[in-house]
Amino acid sequence: MEQEINGIALPNAEGFFGAYGGQFIPPDLKQAMDDINAAYEQIRHTAEFQNELNDLFANYVGRPSPLFHAKRLSDQLGGAQIYLKREDLNHTGAHKINHCLGEALLAKYMGKTKVIAETGAGQHGVALATACALVGIPCEIHMGQVDIEKEHPNVVKMKILGANLISVTRGTATLKDAVDSAFEEYLKDPKNYIYAIGSVVGPHPFPMMVRDFQAIIGKEIKEQTHERFGANPDYVVACVGGGSNALGAFTAFLNEKDVKLVGVEPAGHGLDTNMHSATLTLGKPSQIHGMACYVLEDDQGEPLPVHSIASGLDYPGVGPQHSLLKDLGRVEYTSATDQECLDAFMTLSRVEGIVPALESAHAVAWAIREAPKLSTAVKIVVNVSGRGDKDADYVAGKLGLN
Ligand SMILES: *Cc1c(COP(=O)(O)O)cnc(C)c1O
């Protein structure tokens with residue numbers, strides 16, 4: 001079923017979500033993206049592809065992920081009832097495996113000989129290396145040397161999983177340089193290689209395709225809430241970096257106006273500082289990485305340096321569909337600071353025994369802030385996009401627990 005909102009296609013044939021999205025890329029790259037789109041359109045509805053993906057979701061990822069009533073937390077807050085969508089329980093510990101499996105399967109169906117990607121903190125790299133090991137396709141991950149030194153556990157995991165890890169030493173040797181390096185490699189042979197983007201960003205068809213693979217999250221939330229209490233939830237809340245776990249959770253509810261949708265951006269040290277990454281809250285419509293979307297940029301149109309305590313959220317752009325949903329007012333975009341996020345991380349750990357990823361803790365922070373203002377009849381679903389094992393040492397150091 002094709003998607004739309006208020007009669008606007010999500011996206012149209014050129015990959016636009018209203019004024020956002022599209023393909024702002026050189027002609028040879030456009031040809032490669034159009035080939036990927038054609039292949040995706042051809043296989044997405046076939047029983048073979050759907051059966052293979054659904055089988056992996058069930059028996060490899062462990063779907064459906066549970067919907068857990070955080071009763072002790074709800075009672076303590078004394079307001080709305082909080083339910084947690086447990087994407088943290090997925091194989092590899094986060095939602096990213098959902099779209100990495102889709103991308104790896106697509107690569108296999110297209111007969112690609114190599115899957116290429118960049119990674120910052122290593123989360124996308126590990127999920128992709130996992131999916132490629134399973135599907136049996138060589139995987140090449142480009143990572144800045146600075147990040148390689150910082151993210152040792154993920155670096156080792158990618159190597160164990162058989163990925164070819166390319167250390168990028170140019171420039172500042174961080175994420176942006178890794179993107180440049182990975183793209184150069186991709187452009188050497190776009191017919192046989194495929195670039196696997198890690199969120200609902202980049203040129204068409206990636207914002208659409210990654211969303212489609214993640215939409216299983218909201219589809220399950222809907223089934224689970226209807227089975228549990230015979231109705232939609234009142235709120236669905238998710239953190240927004242590029243925006244893939246949020247669109248995954250929102251898609252099933254976009255045209256159900258009784259469900260309020262909330263996206264939580266990282267406010268870092270505060271929205272009045274230059275240490276945040278609240279793109280939809282404070283950015284403006286522009287272009288980045290081959291798409292039109294909200295961007296945090298300076299007066300010269302250069303992307304601003306961004307900050308979040310959660311490395312998976314510090315991106316100066318955001319998915320084009322989110323940019324449209326903001327303009328339409330369908331999703332409320334708000335933010336949580338590093339401090340609120342840390343507090344939520346500890347609260348959920350100590351009250352429910354669930355250690356969330358620092359990214360996910362932004363959505364939990366919103367629920368902790370807002371639930372007390374709402375009646376006990378209100379039901380909030382918080383998407384816990386990943387688990388916090390990767391953040392445990394950092395938080396322990398920060399709070400003097402080790
Ligand atoms: C990467 C990541 C995110 C941010 O990506 P989105 O595309 O915004 O979902 C959020 N949570 C976790 C656990 C992540 O690993």
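Counting convention: from 1, in listed order, for ligands and their atoms alike. Everything numeric in this text was worked out from a predicted model, so none of it was measured.
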Dump all N/O pairs between ligand 1 and the protein below 3.5 Å as a table: atom names plus distance, one pair per row.
residue  : atom   : partner : partner atom : Å
ligand 1 : 7 (O)  : Ser199  : OG           : 2.6
ligand 1 : 7 (O)  : Gly243  : N            : 3.2
ligand 1 : 7 (O)  : Ser244  : N            : 2.8
ligand 1 : 7 (O)  : Ser244  : OG           : 2.7
ligand 1 : 8 (O)  : Gly241  : N            : 2.8
ligand 1 : 8 (O)  : Gly242  : N            : 3.2
ligand 1 : 8 (O)  : Gly243  : N            : 2.8
ligand 1 : 9 (O)  : His95   : NE2          : 3.1
ligand 1 : 9 (O)  : Ser244  : N            : 3.4
ligand 1 : 9 (O)  : Ser244  : OG           : 3.2
ligand 1 : 9 (O)  : Asn245  : N            : 2.8
ligand 1 : 9 (O)  : Asn245  : ND2          : 2.8
ligand 1 : 11 (N) : Ser385  : OG           : 2.8
ligand 1 : 15 (O) : Lys96   : NZ           : 2.6

Taking it one step at a time, do Phe213 and Leu101 satisfy side chain to side chain contact (heavy atoms under 4.5 Å, CB included)? CA-CA 8 Å; Phe213 294 139; Leu101 284 174; over 6 Å; no

Side chains of residues 15-23: which donor-acceptor partners sit under 3.5 Å, not counting sequence neighbours?
residue : atom : partner : partner atom : Å
Tyr20   : OH   : Asp327  : OD2          : 2.5
Gln23   : OE1  : Lys30   : NZ           : 3.0
Gln23   : NE2  : Asp34   : OD1          : 3.2
Gln23   : NE2  : His204  : O            : 2.9

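A salt bridge between Lys390 and Glu151 is absent, with no side-chain N of the basic residue lying under 4.0 Å from a carboxylate O of the acidic one. Taking the charged nitrogens against the carboxylate oxygens, Lys108 and Glu52 do have a contact shorter than 4.0 Å, which makes a salt bridge.
Counting heavy atoms from C-beta on, the side chains of Pro316 and Leu304 never come closer than 4.5 Å.
Checking Leu313, Thr334, Thr279 one by one against Glu265, the side chain to side chain contact (heavy atoms under 4.5 Å, CB included) holds for a single residue, Thr279.
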